[in-house]
> 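Handing you a structure now.
A, B, ... follow the sequence lines: proteins, then strands. Residue 1 opens every chain.
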Amino acid sequence: MATVRVVGTEPLLPHWTDRMGPESWPHWGRLQATLRANPRWKPHQIESVTSESLRVLRHLRDPLRPAPFQGRGLVVGYVQSGKTANYTAVAARAVDAGYRIVIVLSGIHDSLRTQTQLRLERELVGSQAGIGGTDGPGREWGLLTTATEDFRECDPGVLQSDAAFLVVAKKNVSVLARLDRWLEAAQPFLSDRAVLLIDDEADQASINTRGNRASDPAVCEDEEDDGPPPSRTNELIRSILGRIPKASYVAYTATPFANLLVNPAAADREVGDDLFPRDFVVQLPRPDGYTGTEELFGASAQGRDVLRPVPDDDVRALRPARRRKSAEVVLQAEQGALPGSLREAILAFCVAGGVRSLRPSLDGQPHTMLVHVSQRIEDQERIADAIREQVELWREADRQGQRLEPLFQEAWEAFRASVDAPADDAAVVRASIAVMRRLVILVLNSVTGEDLEYEEKPGRHIVAVGGNRLSRGLTLEGLTVSYFLRTTAMCDTLLQMARWYGYRSGYEDLIRIWTTDGIARWFSELALVEQSMRDSIVALGRAGRRPDQMAIRLRGHSSLLLTARNKSSMAVARQDSWSGEHPQTVLLPLSDPGRLQANRALADGFLASLPAALPCHGGLLLRDVAPEAVCDFLRAYWVHEEVVAFRSDLLADWIAERAAAGELTDWSVFVASPGEAPRQASIGGLRVGLARRSRVSSESIGILTDPRHEGVDLPDGPDAYRRAGGSYDADAMRGARPPTQGLLIVYPLDPEPLGVTSTDAVIALALSLPNTSDSATKWIVNSGVSDG
DNA sequence: AAGCAGAAATCGCGCAGTAG
DNA sequence: CTACTGCGCGATTTCTGCTT
């Protein structure tokens, strides 16, 4: 088992960045001025970039120290949350501080590299390009790549110049190999020149998916114990870093799971240490206007049904199970009949387009629907043809003067729940039909090579049918409706989830996702685990600890994500601390009346045994509960069989262990009871209102907890922990929680929106847990890659 | 049932051929 | 001589089918 006990933390030293005075940031000052001149940058955003880039810089090593160093770090952002802005600022500050070469690895696609190059030339380099002239403050820049050309070898002698050098390279084997050779040739000039290597999209291609050659060649002369070499891209990055005496490597990503599960001890004979971020992990703040789990599935979604089910029959119709044997038969049988759910989704897309066109801020902006059913090109063509046929049918009817209004009226009625209607129904329906007339259907894959052309042809309503090219490379602008049927790979689901998030200002209420029950079921749990991981990175930063000294909580991912990603080579040991977390039941045994009734009866007995209840904050608070009572309750509670985020037996064991150590000894139980609830129930002699949560799949709900409830037992109540905007900051509440004090929140849910008839209240649970002393003692390790 | 090998999909590089 | 284009190849990842 990989359990490590930390004996102590290093004392905080004064930071080397303290030597930087306000006058010593010429490059950063210029970049900041550029941002201020751009009206798209609001003052508080510039403020955020300023402080966050300094925060990252402080984690880098001092470039002026003579001793060699190899820094490794990770910066975690949200999708489209200004990661590029952050590393541009970090690069500017790093050059000011004395770094001499900045290498940016910008993903694996050429289009992204060009984009990044242009942006860095504009913002970072400005007018100081070219080696020579010494005008202006600070150093000028030497560019080793251009917008049209990736890195090519040149005379390493240019490094003798006093300029700062910029390389924007793609993570491609031949490009990186050239860079590697060039750095080898440049060896004599590198000894005193510190290099900052920024690895954008670090979860792609940079991860070692193969192995490491044993560190001591003498031990294994024969090929037996010698592992396979690392995957090529990973090997080259490590080789490049190895050639640089003073190197800081910073990985940027929005989905850092694989990066954090790299074995910190992994090393290879030829290219040395793997890329585990052993020095720091930084979580960038969540940008405002960002649409995430809470907005789409939590309390602020206000009963909108974002996830729509796709029946199994439709899945079968769209994905022929057999390829070789009966491909022709399937083609014959499937004459253009569009499954009902896909038809519905396209109508919904037209309606969403209609609503958008009636909102002045969105009219004329690009609008996209994503259809991802199969990665096989022929399937994509077939589905696109079927969609075209259906749309053509509507258009023909339209031309012949048939009334399409009832059809679109129906679609609008199914869509309109808690959508801010911009006009009366008839106008929305008319606008929707107008969108249908202009619908563009594109197939995006390597064969068709079609492009979305947002720049050239603005204001289109695009139905994009595609495979991998859609789920990875391309940015979909104005994405509202998705039709997504990838049933197997969970990490794809997570990547996909990331595309529904991001800036959706002005139309976050129009987002709808058609998907299978299977995907929807895992969806909210994945979202919780992701949030838990971000929380723990923030906690790690606050505690001033290094990544390998503290648990990065990835419970659940081990089974959900990584097994799917690389089954054989990544075995993961689990850690068992819930310190500072807020586990909750989002997957409920809704199809098992026996369990629901047992939980109902259990809650009855439990609450009746507790001391008097005090009404407050939208519920009833029961104080002074013994930890044993909570443990017994949790052990007797029936969870859904497939649950990973709320394992009640493990939680009970952990609480008992903490209680024995003098923590988590003082419990409160809070029963949520919204005053405005349409229905009530009597549980344990308490009259409570039933909270309403909608289903996202047959057995799971979106987000259970109301952030406000996590602070009901704190001295000042939840109202002391509100953000500027008025929302409740549940993280702050958990942070303020004394280590002795735990909170169990019982949510009696209204069975009606859950489609349950076997009981009068579905009992769901959540816990709010303080930071406990064991949070640093156990950690996850990926033990598969090198020390097998 | 689990694990492994091979196929398929996708994308970019590099080379060779061709047109101007 | 230079620029464009088509084609083959390698890298990476996921899915499928076969074997044990």
> Just how far, in rounded Å, is P of C/dA11 from CG of A/Leu176?
13 Å

> Take the protein atom NZ of A/Lys171 and the nucleotide atom C1' of C/dT13, then report the distance between them rounded to whole Å.
14 Å

> Report the residue from A/Ile237, A/Val250, A/Val104 that forms a side-chain contact (heavy atoms from CB on, under 4.5 Å) with A/Asp199.
A/Ile237

> Do A/Asp180 and A/Arg243 sit within salt-bridge range, that is, some charged N less than 4.0 Å from a carboxylate O?
yes

> Taking only the side-chain nitrogens and oxygens of A/Lys170, find out if one of them lies under 4.0 Å from OP1 or OP2 of B/dC13.
yes

> Can you tell me how far OH of A/Tyr249 sits from CG of A/Leu74, rounded to the nearest 0.5 angstrom?
8.0 Å

